2 protein chains.
Amino acid sequence: MSDEAKRLEEAREQFVAQWGALGTQWGINRTMAQIHALLMTTAQPLGTDDVMEKLQISRGNAHTNLKELVAWGLVRVVVKKGERREFFEAEKDVWQIFTTVARERKRREIDPALGVLHQCAEDSRDMQTPEGKQFHEQMRQLEEFVGFASKVADRVAGMKHGFAIQLAAKMLG
Amino acid sequence: MSDEAKRLEEAREQFVAQWGALGTQWGINRTMAQIHALLMTTAQPLGTDDVMEKLQISRGNAHTNLKELVAWGLVRVVVKKGERREFFEAEKDVWQIFTTVARERKRREIDPALGVLHQCAEDSRDMQTPEGKQFHEQMRQLEEFVGFASKVADRVAGMKHGFAIQLAAKMLG
DNA sequence: TGACGCTTTCACTATTTTCTGAAAGTTCGA
DNA sequence: TCGAACTTTCAGAAAATAGTGAAAGCGTCA
């Protein structure tokens, strides 16, 4: 193996390890983040056994997290003709990754919060005491804000890269 | 206790419980989210023992998470004159809460990622093989995007409520 | 049909995170 | 200087989460 190939291996391992650690902080399972990192930096699709070997994990673990990444929409299943097993390939376009994650997190984190807040605001709508009114008002404001965030997330997730850049440039300028 | 007071208690408990569950999904410790919910919906500041009692948790747990909330900047310590113990009060303004959380998450999640990516991009700067070049390019794009996100976060976190509303209205309109 | 190659599931184990409760530390008034 | 009133820390217990490995499932082809 050439010197550069070795360096590339090292750099990739570095990236995989650190991305995994970051994933943990982000509330994402370490293995899932590591597989994603591995796949993002590999040109050709990998099979389950490749992933198991590179990350030194069990088949069950590799399988579960690969499928989870597919469920998130961050990884595609690729079938090679003449091959029976499945290969996996990560989306590599950064803006695409971002919108996918944004959509998914909105669905998993924002939408449920909205439900809770709406319910609580409803339940306290008619309260008369100062404490009751204050509670209702707080719920209402939270609901309003989160609903707003929800719309922004939809909007951003639906934008084309170019348009987002333009908007952001205006914002930062 | 009046009927409404009872209903308020129930609604609050509902909110606390559900907000705690949501916190977990968001990668935030359940107790911390619950204390935050409790404090956000309570007009007057609470002491450690109040929190322990309402949430049925130990002193150590209450203490640790109250201090953590203070460290995040979501809760203030209040000293009442003539009282030796500390009371705690949550920030209630929604936009304020949002900017605080945005700042904190940027610091904890975005900035470290930027460090990792920059390092990896550097380490692969001079690679010559197609795989090496591709790796470098991927790191570069990720770094660029995350750096950009970092700037946007700073900008948004620094905005006044009114301005943000205006911007968002333009965006959604 | 059956057995091969691969995928999927799941009971159990390991690891990580969170919580408890008690002891130690701090502050302040008498 | 003592001790009451709080706050803070932390070792170990409990709970939650993640990972393993083996068995079961599935589709294909001889």
Side-chain angles (χ1 to χ4, degrees), chain A residues 16-39 45-72 74-89 108-109, chain B residues 16-39 45-72 74-89 108-109:
Chain A
V16 167
Q18 304 227 53
W19 201 249
L22 284 171
T24 302
Q25 287 196 307
W26 272 74
I28 288 165
N29 153 327
R30 187 203 266 27
T31 304
M32 187 170 146
Q34 286 183 339
I35 296 180
H36 186 222
L38 176 63
L39 255 29
L46 299 182
T48 306
D49 294 76
D50 300 325
V51 173
M52 287 167 62
E53 197 208 340
K54 292 256 191 194
L55 302 182
Q56 294 289 301
I57 58 176
S58 73
R59 181 172 305 281
N61 194 11
H63 174 82
T64 306
N65 285 294
L66 278 165
K67 286 300 154 106
E68 188 69 8
L69 282 164
V70 171
W72 271 70
L74 292 170
V75 165
R76 282 181 293 278
V77 175
V78 176
V79 284
K80 292 189 184 176
K81 50 188 171 184
E83 281 273 17
R84 203 140 142 206
R85 66 207 160 107
E86 295 180 322
F87 288 81
F88 299 89
E89 177 183 57
R108 297 178 187 220
E109 299 173 358
Chain B
V16 167
Q18 305 228 51
W19 201 248
L22 284 171
T24 301
Q25 288 197 305
W26 272 73
I28 287 164
N29 155 326
R30 187 202 264 31
T31 304
M32 187 170 148
Q34 286 183 338
I35 297 180
H36 187 223
L38 176 63
L39 256 28
L46 300 182
T48 305
D49 295 76
D50 300 325
V51 173
M52 287 165 62
E53 196 208 339
K54 294 256 190 192
L55 302 183
Q56 295 289 303
I57 58 176
S58 73
R59 182 172 303 284
N61 195 10
H63 174 80
T64 305
N65 285 294
L66 279 165
K67 286 301 156 103
E68 188 69 7
L69 282 164
V70 171
W72 271 68
L74 292 169
V75 165
R76 280 182 293 279
V77 175
V78 176
V79 284
K80 291 188 184 175
K81 50 187 170 186
E83 282 274 19
R84 199 139 144 208
R85 65 207 162 105
E86 295 179 321
F87 288 80
F88 299 88
E89 178 183 56
R108 299 180 186 220
E109 299 173 357

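Each chain gets a letter, A, B and so on, in the order its sequence line appears, and its residues count up from 1. Because the structure is a prediction, the values reported are computed rather than measured.
Rounded to whole angstrom, the span from the CD atom of Glu68(B) across to the C1' atom of dT9(D) amounts to 15 Å. Computed from coordinates, the Asn65(B) CG to dT9(D) C1' distance equals 14 Å when rounded to whole Å. Here the C1' atom of nucleotide dT18(C) and the CD atom of Gln56(B) are 17 Å apart, to the nearest Å. Remark: C1' of dT7(D) and CG of Leu46(B) are 17 Å apart, rounded to the nearest angstrom. Rounded to whole Å, the distance from CE on Met32(B) to P on dA16(D) is 19 Å. At whole-Å resolution of the value, CG in Leu69(A) and P in dA18(D) are 14 Å apart.
The side-chain contact (heavy atoms from CB on, under 4.5 Å) test applied to Ala62(A) returns Thr48(A), Val51(A), Met52(A), Ile57(A), not counting sequence neighbours. Contacts of Arg108(A) classified as salt bridge (charged side-chain N to carboxylate O under 4.0 Å, His left out), with partners at least two apart in sequence or in another chain: Glu68(A), Glu104(A).
For the salt bridge (charged side-chain N to carboxylate O under 4.0 Å, His left out) condition, the pairs that include at least one residue of residues 55-65 of chain B, sequence neighbours left out, are Asp49(B)-Arg59(B).
Here dC19(C) is the nucleotide among dT20(D), dC19(C), dG19(D) with the atom lying nearest to any side-chain atom of Thr31(B).
For dA16(D), the OP1/OP2 oxygens have no side-chain nitrogen or oxygen of Asn29(B) closer than 4.0 Å.
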Can you give the donor-acceptor pairs under 3.5 Å from side chains of residues 76-88 of chain B to other protein atoms, not counting sequence neighbours?
residue: Arg76(B); atom: NH1; partner: Glu91(B); partner atom: OE1; Å: 3.2
residue: Glu86(B); atom: OE1; partner: Lys67(B); partner atom: NZ; Å: 3.4

Could you list the donor-acceptor pairs under 3.5 angstrom formed by side chains in residues 20-36 of chain B, with sequence neighbours left out?
residue: Thr24(B); atom: OG1; partner: Gly20(B); partner atom: O; Å: 3.2
residue: Thr24(B); atom: OG1; partner: Arg30(B); partner atom: NH1; Å: 2.6
residue: Asn29(B); atom: OD1; partner: Thr31(B); partner atom: N; Å: 2.8
residue: Asn29(B); atom: OD1; partner: Met32(B); partner atom: N; Å: 3.0
residue: Thr31(B); atom: OG1; partner: Asn61(B); partner atom: ND2; Å: 3.4

**Report entry** Summary of protein contacts for nucleotides 5-16 of chain C, nucleotide by nucleotide, where a base hit scores B, a sugar-phosphate-only hit scores S (4.0 Å, heavy atoms)
**Finding:** BSSBB-------
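Expressed to the nearest 0.5 Å, how far CG of Leu69(A) lies from CG of Leu39(A) amounts to 7.5 Å.
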